[in-house]
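In each ligand, atom 1 is the first atom listed, and ligand 1 is the first ligand listed. Just the heavy atoms: all of them, side chains too, but no hydrogens, waters or symmetry mates, feed the values below.
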Amino acid sequence: MTDLRTWLDRVEGFGELRHVRGAHWDTELGAIAELSYQRPNPKAMLFEDIADYPTGRVLTGSTGSARRLGLTLGLGDDLDDASLVAALRGKPSTWARTASEFPTETVTDSPLLANVVDGKDVDLLSLPVPRWHAGDGGRYIGTGCLVVTQDPATKDINGGCYRMEVVDEGRSATINAVPGKHGAQHVQRWFERYGKAPVVVSFGHHPVLLVTGGTEVPTGISELEYAGAILGERVPVLLGEHTGLPIPAGSEVAIEGWLRPDLMRDEGPFGEWTGYYSGKRRPAPALEITRLYHRDDPILLGAPPGKPPHDYSYMRTAMKSAMIEDALVGAGVPGVRGAWAHEAGGGRLFIAVSIEHRYAGHARQVGHLAAQLPAAAYMNRFVVVVDDDIDVANLHEVVWAMCTRCDPKRDIDIIDGTWGSKLDPMLVEGAPPYNSRAVIDACRPFERRATFPAVSTGDPDYLESVLNKWAEVLAP
Ligand SMILES: Cc1cc2nc3c(=O)[nH]c(=O)nc-3n(C[C@H](O)[C@H](O)[C@H](O)COP(=O)(O)O)c2cc1C
C-alpha cells in the first residue's frame with residue numbers, strides 16, 4: 001500500500017478519481033484544479049496527455065475528502081467528515097510514539113530505477129511541471145514533494161514538504177524551506193560542518209508522504225517512520241548512490257544532489273496558502289542535482305496552495321486539529337474538549353479550542369499554550385477559546401461566542417514577537433518575519449458562569465420532538 005498507483009486504484013474503485021486529458025501545463029491545469037477545490041465534494045484529478053508532454057502525468061486533490069484522507073491515513077475509505085475527525089482523535093500522538101517501531105526497509109530494486117539520468121543530462125522540464133497560478137514566477141515541480149535531509153550529528157532523517165521551482169532551464173530547482181523548519185535546520189548544520197548539504201527529493205508518492213512531510217511531525221522523528229506507523233508497515237527505500245539518503249522506493253520521480261551556501265537562484269513569487277502571492281522574486285538555495293530517477297510515464301504529486309479552500313487545506317485542517325488537541329491533552333491541561341484549525345485560515349491562522357471551563361485562568365492557559373505549541377506556533381494569528389457548548393469546527397458558532405462572551409478590552413491578550421513568515425501578506429517588505437497573535441477568551445467569565453444569561457435556543461429534546469411533529473413544514 002506504499003505506492004501511489006495502488007492508492008490510485010483504490011480511489012478509482014470508490015469513484016473519487018477524475019481523468020483529465022489534454023490540459024495545458026501553463027496555468028490551465030492549475031485553473032482546473034483550483035475550480036475543482038471550490039466546488040462541493042472535489043475529486044482527485046489525474047491529468048494525462050498534458051500539452052507538449054506525451055508521457056508524464058500530474059495528480060491534484062489527493063487528500064481533499066474524508067474518504068481519500070481516510071484511505072491515505074489507513075483509517076478506512078468509507079468515512080465522512082465527522083467520522084474522520086473521530087477516527088483521528090488521539091492518533092498523531094500514537095503515531096509519534098510508535099514511529100520508531102517502523103524503521104524504513106532498505107531494498108535494492110524498484111520501478112523508480114527504470115530511468116536513471118545523471119548530472120549534466122538532467123532536465124526536470126522533461127516532466128510536465130505546471131505553472132500553477134498566472135502570477136507565479138515559474139514552474140513549480142515541488143508542491144506535494146518530500147525533501148529528505150539528515151542531521152549531520154544525530155543522523156536523524158527528516159522529510160519536509162517545501163516548495164520547489166525549476167530553474168536553470170530544468171537543470172536545477174530551488175528549495176524554499178522557511179528558517180526554523182527541520183529541513184532548513186539540517187541544511188544549516190551541514191553547511192556549518194561540511195560546506196554543503198546532501199538532499200533527496202521525491203516528487204510523486206503515496207499521499208501519506210505529503211501528509212507527513214507537510215505537517216509538523218515532532219522534531220527528531222523521521223516522517224518516513226511516522227508514515228510507517230500510520231500505514232502499519234515499514235516504508236521501503238532505496239539508498240541514494242550519491243548521498244546515501246533514503247529515497248522512497250514507491251516514488252514516481254526522485255532526485256538527489258547537494259545544496260551549497262553560494263548556489264542561490266531567484267525564485268517566486270508563488271500563490272501561497274494564505275491566498276496571496278508570496279512577495280517579490282528573491283534568492284533561494286538551488287540544488288545541484290547529481291541524479292534524476294523516474295518510473296515510466298511518471299506521476300507528479302501536485303498540491304498547489306491558494307486562497308482556501310485549496311489543494312491540501314482539508315488535510316491540513318484535519319491533521320492540525322488532531323495534533324493540536326493531542327498536544328494540549330498531552331501537556332496535561334484538563335478539560336480540553338476539541339480543537340479546530342480552520343480552513344479559512346489555511347489551518348494555521350485561526351485556531352479554536354473548546355474546554356470544559358474548570359477554574360479561573362483555565363481559558364487563558366489553554367489559549368496561550370495553543371498559540372505556542374510546536375504544532376501551531378508557525379504563522380498562527382488568532383486562538384479563540386470557547387466553552388464546550390460551542391462546536392469548534394463551526395465558524396458561525398465560534399464567532400457567535402466571540403461576539404457574546406468576550407469583552408475585547410479584558411479578554412484579548414496580544415503576544416508579540418512570535419513566529420511569523422515572509423509569506424505573511426501583512427509583513428512589510430524587508431522586515432524580520434515576526435508576527436503577533438491574539439488569544440481570545442470567548443468563554444463565559446468563570447466567576448459568572450452560574451449567572452450568565454441563558455442561551456435562548458430551545459431545549460434540544462423539546463426541539464427534537466417539535467421537529468418530529470412538524471417534519472413536513474420543516475423539510476429542506
Ligand atoms: C503542499 C505544501 C507546501 C508547503 N510549502 C512549504 C514551503 O515552501 N516552505 C516551508 O517552509 N513549508 C512549506 N510547507 C509546510 C511544511 O511542509 C510543514 O511546515 C512541515 O511541517 C515542514 O516539515 P518540518 O517540520 O520537518 O520542517 C508546505 C506544506 C505543504 C503541504
Near [X], which atoms of ligand 1 are under 4.0 Å from a heavy atom of that residue?
{"X": "Y312", "value": "1 (C), 2 (C), 3 (C), 30 (C), 31 (C)"}
{"X": "G183", "value": "27 (O)"}
{"X": "N176", "value": "7 (C), 8 (O), 9 (N), 10 (C), 11 (O)"}
{"X": "A177", "value": "11 (O)"}
{"X": "E223", "value": "26 (O)"}
{"X": "A303", "value": "1 (C)"}
{"X": "R163", "value": "5 (N), 6 (C), 7 (C), 8 (O)"}

*E272 pairs by salt bridge (Lys or Arg N to Asp or Glu O under 4.0 Å) with which of K422, K307, R348, R163?*
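Considering K422, K307, R348, R163, a salt bridge (Lys or Arg N to Asp or Glu O under 4.0 Å) with E272 is found only for R163.
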*When the ring planes of W190 and Y194 are compared, do they come out parallel, tilted or perpendicular, using 30° and 60° as the limits?*
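Rings of W190 and Y194: tilted, 30 to 60°.
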Mark the output for [X] as yes if a heavy-atom distance to ligand 1 is under 4.0 Å, and as no if none is.
{"X": "K422", "value": "no"}
{"X": "Q185", "value": "no"}
{"X": "R316", "value": "yes"}

Is the shortest side-chain N to carboxylate O distance from [X] to [Y] below 4.0 Å?
{"X": "D424", "Y": "R381", "result": "yes"}
{"X": "R260", "Y": "E288", "result": "yes"}
{"X": "D413", "Y": "R437", "result": "no"}
{"X": "R281", "Y": "D266", "result": "no"}

*asked:* V208 and side chain to side chain contact (heavy atoms under 4.5 Å, CB included): which single residue from V235, L71, L231 fits?
replied: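 The side chain to side chain contact (heavy atoms under 4.5 Å, CB included) with V208 is passed solely by L231 among V235, L71, L231.
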How far is [atom] from its nearest protein heavy atom, and which residue and atom name does that atom have?
{"atom": "atom 16 (C) of ligand 1", "answer": "C161 O, 3.4 Å"}
{"atom": "atom 12 (N) of ligand 1", "answer": "K181 NZ, 3.1 Å"}
{"atom": "atom 25 (O) of ligand 1", "answer": "H182 ND1, 3.3 Å"}
{"atom": "atom 19 (O) of ligand 1", "answer": "E216 OE2, 2.5 Å"}
{"atom": "atom 11 (O) of ligand 1", "answer": "V178 N, 2.8 Å"}

*Do side-chain atoms of D297 reach the backbone of G56 as a donor and acceptor pair under 3.5 angstrom?*
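Pair found, side chain donor or acceptor close to backbone of G56.
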*Without hydrogens or angle criteria, can the side chains of T418 and N435 be said to hold a donor-acceptor pair below 3.5 Å?*
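A pair is found: one side chain offers a donor N or O, the other an acceptor, under 3.5 Å apart.
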*Which heavy atom in D136 sits nearest to a heavy atom in G271, and how many Å separate them?*
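In terms of heavy atoms, the two residues are closest at OD1-N, 3.0 Å.
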*Tell me whether the centres of the aromatic rings in Y140 and F270 are closer together than 6.0 Å.*
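Yes.
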*Kindly say whether the aromatic ring centers of H342 and F350 come within a distance under 6.0 Å.*
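When the ring centroids of H342 and F350 are compared, they turn out to be within the sub-6.0 Å range.
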Polar proximity ligand 1 side, [X] side, N/O cut 3.5 Å exclusive:
{"X": "E272", "result": "no"}
{"X": "G213", "result": "yes"}
{"X": "G144", "result": "no"}
{"X": "T143", "result": "no"}
{"X": "G160", "result": "no"}

Quick one: look at [X] and ligand 1, take heavy-atom pairs under 4.0 Å, and tell me if it's side chain, backbone, both or neither.
{"X": "T215", "result": "backbone"}
{"X": "R348", "result": "side chain"}
{"X": "Y162", "result": "both"}

*Please step through ring-ring contact (aromatic ring centres under 6.0 Å, His included) for the pair W419 and Y378, ending with a clear verdict.*
CA-CA 5 Å; W419 191 12; Y378 171 68; 5.1 Å; yes
*Cationic tip of R67 above F14 ring, under 6.0 Å, 45° of axis*: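 Yes.
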